[in-house]
**Q** 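Before I ask anything, let me first share the structure, which is written out below as structure tokens.
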Amino acid sequence: CIRDRMRDGNGNVVRCEPEFSQWFTSCLHAPALEDKTFLREVHIPFCKLGFQIDPWNQWCALFSRLGHLVVLNLSNNGLSHGHMDSLAQTSLTNLKVLNLSFNALTDKSRSSMVKIIQKCPWLINLNLRSCRLTSEFVTPVQVMKVLGQLEELDLSYNRLGIRGLC
């Protein structure tokens with residue numbers, strides 16, 4: 001089963017096999033990757049990127065080099081609030097869609113998420129489904145202001161309660 005895919009600016013799918021860490025290590029050091037800045041979509045769910053911090057930092061460096069990136073799917077990768085701190089330092093200025101669903105981000109990721117959204121002026125779709133968020137994540141005015149730029153926000157399967165929805 002091929003789960004991981006990347007799409008270039010022409011809509012062509014660039015695929016990689018499930019043994020993703022080996023593929024990534026070889027790609028990261030390949031000069032040809034520098035020429036792949038045309039990649040517009042990166043879908044890498046279920047790759048356990050959050051289980052080792054050094055590769056995660058390398059991923060963040062890669063995302064910064066992909067200047068035309070508009071879709072980034074990092075769902076179900078074992079990411080936490082610490083990983084969001086690193087992602088907040090990444091240049092994702094053209095990003096329109098960010099999927100972080102099924103990661104244990106918790107409310108501690110709030111300030112990092114605010115920074116990420118602020119650094120992504122074109123972001124219109126944010127998926128935070130089942131990220132262990134509570135009403136503490138969405139109630140501060142600071143968070144509500146930046147969430148206002150989004151056209152679509154998925155907070156389903158979190159424990160927001162009535163207070164988080166008002």
**Q** Could you walk me through whether Leu126 and Ile117 pass side chain to side chain contact (heavy atoms under 4.5 Å, CB included), step by step?
**A** CA-CA 9 Å; Leu126 178 60; Ile117 295 168; 3.8 Å; yes
**Q** Out of curiosity, does Val97 fall in the hydrophobic cluster containing Phe46 (side-chain heavy atoms, cut-off under 4.5 Å, transitive links)?
**A**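 Shared cluster, no.
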**Q** Is there a side chain to side chain contact (heavy atoms under 4.5 Å, CB included) between Glu136 and Arg110? Walk through the geometry before answering.
**A** CA-CA 9 Å; Glu136 298 300 316; Arg110 180 177 55 215; 4.3 Å; yes
**Q** State, yes or no, whether a side-chain contact exists between Asn73 and Glu41 at a heavy-atom distance under 4.5 Å.
**A**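 In short, these two side chains do not touch, never coming nearer than 4.5 Å.
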**Q** Would you check if Leu74 and Ile44 make a side-chain contact, meaning some heavy-atom pair closer than 4.5 Å?
**A**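 With C-beta onward as the side chain, the pair touches.
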**Q** Check this for me: Lys119, atom NZ, are more than 12 non-hydrogen atoms of other residues, nucleotides or ligands nearer than 6.0 Å?
**A**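 Enclosed.
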**Q** Show the nearest heavy-atom pair for residues Val71 and Leu69, with the distance to one decimal.
**A**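 Here Val71 and Leu69 meet closest at O-CD1, 3.5 Å.
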**Q** Rounded to the nearest 0.5 Å, what separates atom OG in Ser91 from atom CZ in Arg65?
**A**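 Here the rounded value is 12.5 Å.
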**Q** Locate the shortest heavy-atom distance separating Leu79 from Leu105; write the atom from each residue and the value.
**A**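 That closest heavy-atom pairing would be O-CD2, 3.9 Å.
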**Q** For the side-chain contact (heavy atoms from CB on, under 4.5 Å) test, which of Leu150, Leu92, Leu72, Asn94 pairs with Leu123?
**A**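 Single pass found, and it is Leu150.
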**Q** Please lay out, stage by stage, how Leu128 and Phe137 fare under the test side chain to side chain contact (heavy atoms under 4.5 Å, CB included).
**A** CA-CA 11 Å; Leu128 297 174; Phe137 181 84; 3.9 Å; yes
**Q** Rounded to the nearest 0.5 Å, what separates atom OG in Ser135 from atom CG in Leu160?
**A**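 That separation rounds to 7.5 Å.
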**Q** Using side-chain heavy atoms (C-beta onward) and a distance below 4.5 Å, is Cys131 in contact with Phe102?
**A**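 Side-chain contact under 4.5 Å: no.
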**Q** Judged by atom type as modelled, is there a donor-acceptor pair below 3.5 Å linking the side chain of Asn127 to the main-chain atoms of Leu98?
**A**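 Side chain of Asn127 to backbone of Leu98, a donor-acceptor pair under 3.5 Å: no, none is there.
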**Q** So which atom in Thr90 and which in Ser86 form the shortest heavy-atom distance, rounded to 0.1 Å?
**A**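 Taking Thr90 first and Ser86 second, the nearest heavy atoms are OG1-O, 3.2 Å.
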**Q** Tell me, do Glu152 and Ile124 make a side-chain contact under 4.5 Å, heavy atoms counted?
**A**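 Contact flag for Glu152/Ile124 side chains = no.
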**Q** If I compare all heavy atoms of Pro121 with all of Thr93, which pair ends up nearest, and what's the gap?
**A**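 Closest heavy-atom pair between Pro121 and Thr93: CD-O, 3.6 Å.
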**Q** Taking only residues two or more places apart in sequence, or in another chain, which ones meet Phe63 in a ring-ring contact (aromatic ring centres under 6.0 Å, His included)?
**A**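 If we apply the ring-ring contact (aromatic ring centres under 6.0 Å, His included) test to Phe63, skipping adjacent residues, the hits are Trp59.
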**Q** Within the 4.5 Å heavy-atom criterion, are Ser80 and His83 side-chain neighbours or not?
**A**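 Ser80 reaches His83 side chain to side chain.
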**Q** With rounding to the nearest 0.5 angstrom, report the CG to OG distance, Leu155 to Ser101.
**A**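 If I round to the nearest 0.5 Å, the distance is 11.5 Å.
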**Q** Report the C-alpha separation of Thr134 and Arg159 in whole Å, then their side-chain angles, then the decisive distance to 0.1 Å, and conclude whether the side chain to side chain donor-acceptor pair (under 3.5 Å) test is met.
**A** CA-CA 5 Å; Thr134 71; Arg159 295 183 179 189; over 6 Å; no
**Q** Taking Asn158 for the side chain and Arg132 for the main chain, is one N or O donor matched with an acceptor at less than 3.5 Å?
**A**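 Yes, the answer is positive, given that a donor and an acceptor are paired below the 3.5 Å cut-off.
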**Q** On a heavy-atom basis, which atom in Ser109 and which in Thr106 lie closest, and how many Å separate them?
**A**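 Heavy atoms of Ser109 and Thr106 come nearest at OG-O, 2.8 Å.
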**Q** Do Glu151 and Asn125 make a side-chain contact, defined as non-hydrogen atoms from C-beta onward lying under 4.5 Å apart?
**A**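 No, side chains not in contact.
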**Q** Could you go step by step and tell me if Met113 and Leu100 meet the side chain to side chain contact (heavy atoms under 4.5 Å, CB included) rule?
**A** CA-CA 11 Å; Met113 288 306 303; Leu100 295 169; 3.8 Å; yes
**Q** Which heavy-atom pair separates Ala88 from Ser112 by the least distance, and what is that distance?
**A**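 For Ala88 and Ser112, the tightest heavy-atom pair comes out as CB-O, 3.8 Å.
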**Q** Can you tell if the side chain of Asn77 reaches within under 4.5 Å of the side chain of Phe51, non-hydrogen atoms only?
**A**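 Counting from C-beta outward, Asn77 and Phe51 never come under 4.5 Å.
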**Q** For Gly78, does its backbone N or O pair with a side-chain atom of Asn103 as donor and acceptor, under 3.5 Å?
**A**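 A pair under 3.5 Å: yes.
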